[in-house]
Amino acid sequence: MSEERSLNFIEEIVEEDIAAGKHNGRVLTRFPPEPNGYLHIGHAKSICLNFGLAQKYNGKTNLRFDDTNPVKEDVEYVDSIKEDVKWLGFNWAEELYASDYFDQLYDFAVALIKADLAYVDDSTAEEIAHQKGTPTEPGVPNQYRSRSVEENLQLFADMKAGKYPDGAKVLRAKVDLAAPNMHLRDPLMYRIKHAHHHRTGDAWCIYPMYDFAHGQSDAIENITHSVCTLEFIPHRALYDWFIERLSIFPSKQYEFARLNLNYTVMSKRKLLQLVVEGHVDGWDDPRMPTISGLRRRGYTPASIREFCERIGVAKRENMIDVGLLEFCIREDLNKTAWRRMAVLDPIKCIITNYPEGETEIFTGENNPEAEDGDGSREFPFSRELWIEREDFMEVPPKKFFRLGVGLMVRLKSAYIIKCDSFVKDADGNVTEIHCTYLPESKSGNDTSGINVKGTIHWVSVPHAKTAEVRLYDRLFQVENPQSEEGDFKDYINPNSLHIIPTAYIEPDLANATPGTAIQFMRKGYFTLDKYSTTEKLIFNRTVTLKDGWVKK
RNA sequence: UGCCUGAUAGUAUAAUGGUAGUACGACGGUUUUUGGUACCGUUUGUCUAGGUUCGAAUCCUGGUCGGGCAACCA
């Protein structure tokens with residue numbers, strides 16, 4: 001293997017650290033989601049990066065829930081996150097929670113108070129915001145900033161003891177109210193929230209802020225490389241400040257650009273809105289960019305990992321074309337998915353010279369990409385067939401390699417047929433196509449000497465089974481919904497879901513199993529939906545096949 | 001009018017002072033019982049103005065443009 005993929009900038013940092021003997025070459029990363037929503041493809045990028053780094057450098061990765069804000073978090077989310085990370089194919093070294101460290105974090109805060117580096121502030125949120133100044137004007141200290149250590153110690157203990165209502169007081173770090181970096185203007189460390197926490201219950205009524213929990217959690221776990229997204233760059237100075245003042249393990253933070261995918265939204269807040277307001281079926285709606293949505297849509301873990309590998313890791317803002325994701329799933333499924341025939345928009349095709357009541361059994365390989373075809377299955381042929389409506393044209397254009405009066409095509413794995421005529425109803429819709437078949441053109445021992453350009457799929461009318469088929473399209477009509485005028489929901493694609501109540505499928509498809517990808521020949525890759533039953537089969541279209549045929 | 005960031009084909013991503021390359025896309029071709037796949041080919045790029053240097057995408061200076069920062073969110 002001459003795999004000479006160049007390193008991304010974080011891998012370079014890690015290699016430099018290892019070469020320099022930092023942490024004795026030990027690499028420990030972490031994936032730190034807040035359990036306030038479902039994971040999406042953007043998280044997949046972070047997961048692949050963090051776990052990938054550890055795998056590559058013989059390290060480990062912790063799964064740590066950043067659960068410091070009880071009012072937004074829930075075990076439902078914890079469970080889904082664990083499921084999604086596992087499904088993607090990664091194993092964490094330890095399952096940890098920021099809430100595991102509440103006692104220690106409290107002690108850290110007390111230590112800072114004793115060092116006169118933190119104080120209790122009675123101001124309201126508005127007052128504090130005002131006193132922080134603006135990016136161009138420095139902040140100003142208030143009377144609480146000069147409270148004595150003893151008073152702060154007592155007040156903080158009282159906060160913890162529940163003596164004050166929500167919002168009455170906060171604990172702030174005494175950093176620099178004039179710092180150009182707004183995050184250093186005496187940031188909040190603790191706030192009072194008399195709220196039930198999904199893990200610690202009612203043990204606490206004060207909760208640490210992100211800035212006083214994340215870096216400390218990293219340090220407690222001895223994380224060597226704390227990788228996060230660009231918007232945390234301004235927090236890094238604070239991250240280092242706390243670690244230095246506390247003299248704890250010197251974890252280092254590195255930032256990369258988050259993934260942006262076009263024609264969708266990626267913020268948990270917006271995704272939550274889509275779910276709550278019923279624009280989609282739930283977090284796992286196949287149109288959602290969530291891991292669970294992609295899974296239900298038919299995406300494989302390998303395809304998502306490959307996608308994350310291909311998009312790369314850098315610091316510049318990016319907007320990835322969803323076409324790349326589609327390429328990755330097609331590439332994966334092409335090698336593995338079994339081929340079957342299904343007619344989604346049926347029109348009846350009658351083989352007028354084929355005996356009525358007769359049936360022949362034909363065989364088709366499961367996958368032409370596999371050496372031995374990956375085995376085969378049988379399907380019946382008869383006088384009346386369902387074919388795709390779009391495979392016939394009353395007035396075919398020049399290079400239309402399908403049916404039209406006088407044109408010939410091969411029926412996949414069966415005979416060559418020639419179109420002789422068609423029938424229309426009163427409204428002018430074509431209802432039937434009449435063809436004749438060439439008996440000597442039988443698939444496998446064709447002696448007709450005729451070569452046809454087109455091959456179409458078909459299903460025998462009397463033998464066909466039925467299924468509901470759900471065709472999905474992009475959820476939004478514009479590339480970047482959140483950058484458009486007005487509400488992002490104004491740009492939802494009204495045709496993102498097209499349901500075909502009754503599609504005709506070849507008999508073998510009744511044996512399809514959940515979680516298995518199938519290629520409906522010439523139509524795309526499909527998978528059984530989670531609500532599919534043996535009585536009512538439901539197929540989701542994962543992705544179409546690439547279509548090289550453009551009309552005109 | 002502050003601070004922090006970033007800028008390479010349409011989209012991403014390499015080149016770490018020495019031939020601007022790769023992938024996806026697009027376009028064209030060969031093969032094909034999927035207008036799929038596979039294979040081959042073509043196309044398009046260093047934000048800008050200076051400077052340093054034998055040599056600059058890379059280093060320096062100024063400008064332009066994008067993103068972030070003033071939540072008791074993470």
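Labels below follow one simple rule: chain letters A, B, ... track the order of the sequence lines, proteins then strands, and each chain is numbered from 1.
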Return no unless some side-chain N or O of [X] is found under 4.0 Å from OP1 or OP2 of [N].
| X | N | result |
| --- | --- | --- |
| Thr68(A) | A74(B) | yes |
| Arg410(A) | U34(B) | no |
| Arg316(A) | U13(B) | yes |
| Arg236(A) | C4(B) | no |
| Arg191(A) | A74(B) | yes |

Q: Write out all pairs satisfying ring pair (Phe, Tyr, Trp, His ring centres under 6.0 Å) with one or both partners inside residues 165-187 of chain A, taking only residues at least two apart or from two chains.
A: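 Every pair satisfying ring pair (Phe, Tyr, Trp, His ring centres under 6.0 Å) with a residue in residues 165-187 of chain A: His183(A)-His235(A).
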(Q) For the C1' atoms, the ones on C65(B) and on A23(B), what distance do you get once it is rounded to whole angstrom? (A)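 Pairwise C1' distance, C65(B) against A23(B), rounds to 27 Å.
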Determine whether a donor-acceptor pair (one donor, one acceptor, N or O, separation below 3.5 Å) exists between the side chain of [X] and the base of [N].
| X | N | answer |
| --- | --- | --- |
| Thr455(A) | U34(B) | no |
| His130(A) | A70(B) | no |
| Glu255(A) | G68(B) | no |
| Glu317(A) | U5(B) | no |
| Arg339(A) | U34(B) | yes |
| Arg402(A) | G35(B) | yes |

Q.
Quick check: Trp458(A) with Phe379(A) (ring centres under 6.0 Å apart)?
A.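 Centroid distance Phe379(A)-Trp458(A): below 6.0 Å, so yes.
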Q.
Quick check on Lys418(A): does its NZ atom have over 12 non-hydrogen neighbours (other residues, nucleotides or ligands) under 6.0 Å away?
A.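 For Lys418(A), atom NZ is not crowded (no more than 12 foreign heavy atoms under 6.0 Å).
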**Q.** Residue His196(A) excluded, over 12 heavy atoms near NE2 under 6.0 Å
**A.**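 Count over threshold, so yes.
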Q: Name all stems that contain residues of RNA chain B, defined as runs of 3 or more consecutive Watson-Crick or G-U wobble pairs, both distances under 3.5 Å.
A: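 Detected stem regions: B:2-7 with B:64-69, B:10-13 with B:21-24, B:26-30 with B:38-42, B:47-51 with B:59-63.
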Q. Using a cut-off of 4.0 Å on non-hydrogen atoms, how would the nucleic acid contact of Leu230(A) be classed: base, sugar-phosphate, or nothing?
A.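 If one applies the 4.0 Å heavy-atom cut-off, Leu230(A) turns out to touch nothing in the nucleic acid.
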Q. Just checking Lys412(A): base, sugar-phosphate only, or nothing, at a heavy-atom cut-off of under 4.0 Å?
A.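 Base, at least one base atom sits under 4.0 Å.
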Q. Would you call the rings of Phe232(A) and Tyr210(A) parallel, tilted or perpendicular, where under 30° means parallel and over 60° means perpendicular?
A.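 Geometry flag for Tyr210(A) against Phe232(A): tilted rings.
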Q: Give the C-alpha distance, both sets of side-chain angles, the deciding distance and a yes or no for side chain to side chain donor-acceptor pair (under 3.5 Å) between Glu326(A) and Tyr299(A).
A: CA-CA 9 Å; Glu326(A) 295 177 344; Tyr299(A) 275 79; 5.2 Å; no
(Q) The criterion is salt bridge (Lys or Arg N to Asp or Glu O under 4.0 Å); which residues satisfy it with Asp66(A), sequence neighbours excluded? (A)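 Counting only residues at least two positions away or on another chain, Asp66(A) forms no salt bridge (Lys or Arg N to Asp or Glu O under 4.0 Å).
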Nucleotide nearest [X] when distance is taken to its side chain, options [options]:
| X | options | result |
| --- | --- | --- |
| Lys315(A) | G6(B), G36(B), A74(B) | G6(B) |
| Phe327(A) | C72(B), G36(B), C24(B) | C24(B) |
| Pro135(A) | G2(B), G35(B), C24(B) | G2(B) |

